[in-house]
Amino acid sequence: MLDLKLIRENPDLIRQKLKARNMSTGTVDSIVQFDVKRREFIGEVEKLKSLRNSVSQEIAKMKKEGSNADEKIADMKKVSDDIKALDDKLAEAENEIDVILRDIPNLADDSVPSGKTSDDNVQFRIWGEKASGDFKYLDHVELGKKLDILDFGVGAKISGSGFPFYKGKGAMLERALINFMLDTHKGNGYTEVFMPFLVNRASMEAAEKVPKFEEDMYRTDPDDLFAIPTAEVPIVNIHRDEIMDAGSFPVKYCGYTACFRREAGSYGKDTKGFLRVHQFNKVELINFCLPEESYVQMEVMLNHACGILEALNIHYRVVNVCTGDMGFAASKQYDIEVWSPAENKWLEASSVSNCTDFQSRRAMIRFKRDKKTEYVHILNGSGLATSRLYVSLIESNQTPEGKIIIPKVLQKYTGFEIIG
RNA sequence: GGAGAGGUGGGUGAGUGGCUCAAACCAACGGUUUGCUAAACCGUCAUAGGGGGUUAACCUCUAUCGAGGGUUCGAAUCCCUCCCUCUCCGCCA
């Protein structure tokens, strides 16, 4: 969430940033108005509470001395009633502010290109070359079927469409990718963690996923637990409600989880095979750092994610995501896209975001410096999601006969060099 | 799932209605003393929000003892609901 004080003191800045995100600016006026009310109520109610505290002391003293305090008690009864009424009004104003605040995204950094849709994203880097064999590239669904390593029909039978099923060497390849990525990131200084895949509502709120995106989440009914849409949620919550040691930054974690997304409202769009799924595997990178370091850390994280693709020799590009296409909590976002020779297009495989203090303010993750408490900056990046990476990998490394050559670095993880 | 115990500041831990709007100790930080180390002594020791201020230091008020309600002039303390942790039993990978 944004800083209420920042909105109060710079409403024009916020309006301008909201416009850049194609959002209406009326919310700013509402917040400012409710904030004025809120502070009025606070002033009034605290004056009354102060009075009550001091008079209660007097009553205690009078009772001890044996004198009659009935009159003061009657007065204070009235004061207490007033306090209760004012507290209710205050809570109402605070709730109104919170409801609006939960709907306002992070402010875009000035280095973010302005634009409305993904078409306005700006290519930032491109690496490698398109697979250019002199034959027709089979797509991953055809390949998977031919080699008997992927069976989307079985996944659909077990769970529904969008739940991939891997088999034999296909399953081993998936496991190899995950292990390779984790080992590489450990080498980059990340602490490996393994964590719950179901989290409580408080954790989802701290990561700013709920209530805004509740429709996109799988939720268990009697326990109100959410299937995580990304490992970002449990990892960010490691330090929730904590004042972190200022000397410890950057604090870096990597971890594998399955990720679950309902993808409500996106039916019929890029639904083939792995292109859009409800469950996928991802190795996530999270970085807690000092505010002044977050944009530098972001470039470092981007390079860590790209390093995986380069080791696997996968053709990719990085785009600087525009204001209109950026994630809710991000102030800046790079998407990494991998090339699919069969689809003849780029597929998003990773997203590296600087969430600045947007999550840490909600999650109360802070550190101390010069006697002051400041909010930590939090970055997240996929390093990477396997599903679309898998598509690019098996498609790009296929032979004219429809076999798949395993990249050198993966061979010690798979235990084989070729599928087919 | 059943039975019991318990949740107090960074940690230990006192506190069953009002000089406790949280004692004491430990840790941490600053200082004094000191050949060095250690010890001793003194001081600081929360978070959030409001108001004031030469808008920095600082002053002041309010809230916070797992969470939320309730009783009361007044709640860490009494009542209700929920959450979590620990121990034992049952079930189970």
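Predicted model only: the values in this text are computed from it and were never measured. Letters A, B, ... are given to chains in the order of the sequence lines, protein chains preceding strands, and every chain is numbered from 1.
- Taking the P atoms as reference points, B:G11 lies 27 Å from B:G18, given to the whole Å.
- With C1' as the reference atom, B:A5 and B:G66 are 16 Å apart, rounded to whole Å.
- By the 30° and 60° cut-offs, the orientation of the rings of A:His278 relative to A:Phe163 is tilted.
- In this structure, of B:U71, B:C73, B:A57, it is B:A57 that holds the atom nearest to the side chain of A:Lys372.
- Side-chain proximity of A:Gln57 to B:C73, B:U62, B:C21: nearest is B:C21.
- Residue A:Arg52 has no polar side-chain atom (N or O) positioned under 4.0 Å from OP1 or OP2 of B:U62.
- Between A:Ser80 and B:G74, a side-chain N or O to OP1/OP2 separation shorter than 4.0 Å is present.
- Counting to the nearest Å, the P atom of B:G50 and the CG atom of A:Leu51 are 22 Å from each other.
- In this structure, A:Leu86 places its CG atom 20 Å from P of B:C61, rounding to the nearest Å.
- For RNA chain B, each stem of at least three Watson-Crick or G-U pairs (distances under 3.5 Å) is given as range with range: B:1-7 with B:83-89, B:10-12 with B:24-26, B:28-32 with B:40-44, B:46-52 with B:58-64, B:66-70 with B:78-82.
- One finds a salt bridge joining A:Asp35 and A:Arg8 here, because a Lys/Arg side-chain nitrogen approaches an Asp/Glu carboxylate oxygen to under 4.0 Å.
- Below 30°, between 30° and 60°, or above 60°: for A:Phe152 and A:His140 the angle between ring planes is above 60°, a perpendicular geometry.
- The existence of a salt bridge linking A:Glu263 and A:Arg261 is excluded, since no basic side-chain nitrogen approaches an acidic carboxylate oxygen closer than 4.0 Å.
- For the pair A:Leu90 CG and B:G50 C1', the interatomic distance rounds to 10 Å; values are reported in whole Å.
- For the C1' atoms, the distance from B:A22 to B:U77 is 12 Å, rounded to whole Å.
- In this structure, A:Lys209 fails the cation-pi test against A:Phe226, since its NZ or CZ atom is not both closer than 6.0 Å to the six-membered ring centre and inside 45 degrees of the ring normal.
- The nucleotide whose nearest atom lies closest to any side-chain atom of A:Ile243 is, among B:G18, B:G50, B:U47, B:U47.
- Atom NZ of A:Lys212 sits in a crowded spot, with more than 12 heavy atoms from other residues, nucleotides or ligands closer than 6.0 Å.
- Residue A:Asp245 contributes atom CG, which lies 11 Å from atom P of B:C29 at whole-angstrom precision.
- For A:Arg366, no side-chain nitrogen or oxygen approaches OP1 or OP2 of B:A46 to under 4.0 Å.
- The nearest whole Å value for the distance from the NZ atom in A:Lys78 to the P atom in B:U72 is 17 Å.
- The separation of B:U71 from B:C19, taken at their P atoms, amounts to 23 Å, rounded to a whole angstrom.
- Nearest to the side-chain atoms of A:Thr373 among the listed nucleotides B:G51, B:C61, B:A48 stands B:A48.
- With B:G18, B:A63, B:G50 as the choices, the nucleotide that has an atom nearest any side-chain atom of A:Ile42 turns out to be B:G50.
- Between A:Lys77 and A:Asp75, none of the side-chain N atoms (NZ, or NE/NH1/NH2) sits under 4.0 Å from a carboxylate O, so this pair counts as no salt bridge.
- Going from the C1' atom of B:G4 to that of B:C92 covers 23 Å, rounded to whole Å.
- Closest to the A:Lys368 side chain, of the nucleotides B:U47, B:A63, B:G18, is B:U47.
- Atom CD1 in A:Ile73 sits roughly 11 Å away from atom C1' in B:G18 (whole-Å rounding).
- At least one side-chain heavy atom of A:Leu90 sits less than 4.5 Å from a side-chain heavy atom of A:Arg38.
- Taking atom P in both B:G49 and B:A38, the straight-line distance is 40 Å, to the nearest Å.
- Distance, A:Arg38 CZ to B:A48 P: 14 Å, rounded to whole Å.
- Checking the phosphate oxygens (OP1, OP2) of B:U71, a side-chain nitrogen or oxygen of A:Lys84 falls inside 4.0 Å.
- Using atom P as the reference point in both B:U8 and B:U62, the two lie 26 Å apart (nearest Å).
- Spacing between atom CD1 of A:Ile83 and atom C1' of B:C61 amounts to 13 Å, rounded to whole angstrom units.
- The aromatic rings of A:Tyr166 and A:Tyr390 lie perpendicular to each other, with more than 60° between the two planes, well past the 30° mark.
- Set against B:U47, B:U62, B:G18, the side chain of A:Lys63 has B:G18 as its closest nucleotide.
- For B:U62, the OP1/OP2 oxygens have a side-chain nitrogen or oxygen of A:Asn53 closer than 4.0 Å.
- Across B:C73, B:U47, B:G50, the shortest atom-to-atom separation from the side chain of A:Ser56 is found for B:C73.
- In terms of position on RNA chain B, the residue among A:Lys49 and A:Asp35 whose nearest nucleotide sits closer to the 5' end is A:Asp35.
- Residue-to-nucleotide contacts include no donor-acceptor pair under 3.5 Å from the side chain of A:Glu46 to the base of B:G51.
- Residue-level contact check: A:Lys72 touches neither bases nor backbone, having no heavy atom under 4.0 Å from any strand.
- One C1' atom belongs to B:G9, the other to B:A23, and the distance between them is 13 Å to the nearest Å.
- Between A:Arg39 and B:G51 there is a side-chain N or O to OP1 or OP2 distance below 4.0 Å.
- Among the nucleotides B:C73, B:A48, B:G50, the one closest to any side-chain atom of A:Ile59 is B:C73.
- In this structure the side chain of A:Leu302 reaches within 4.5 angstrom of the side chain of A:Ile336, judged on heavy atoms.
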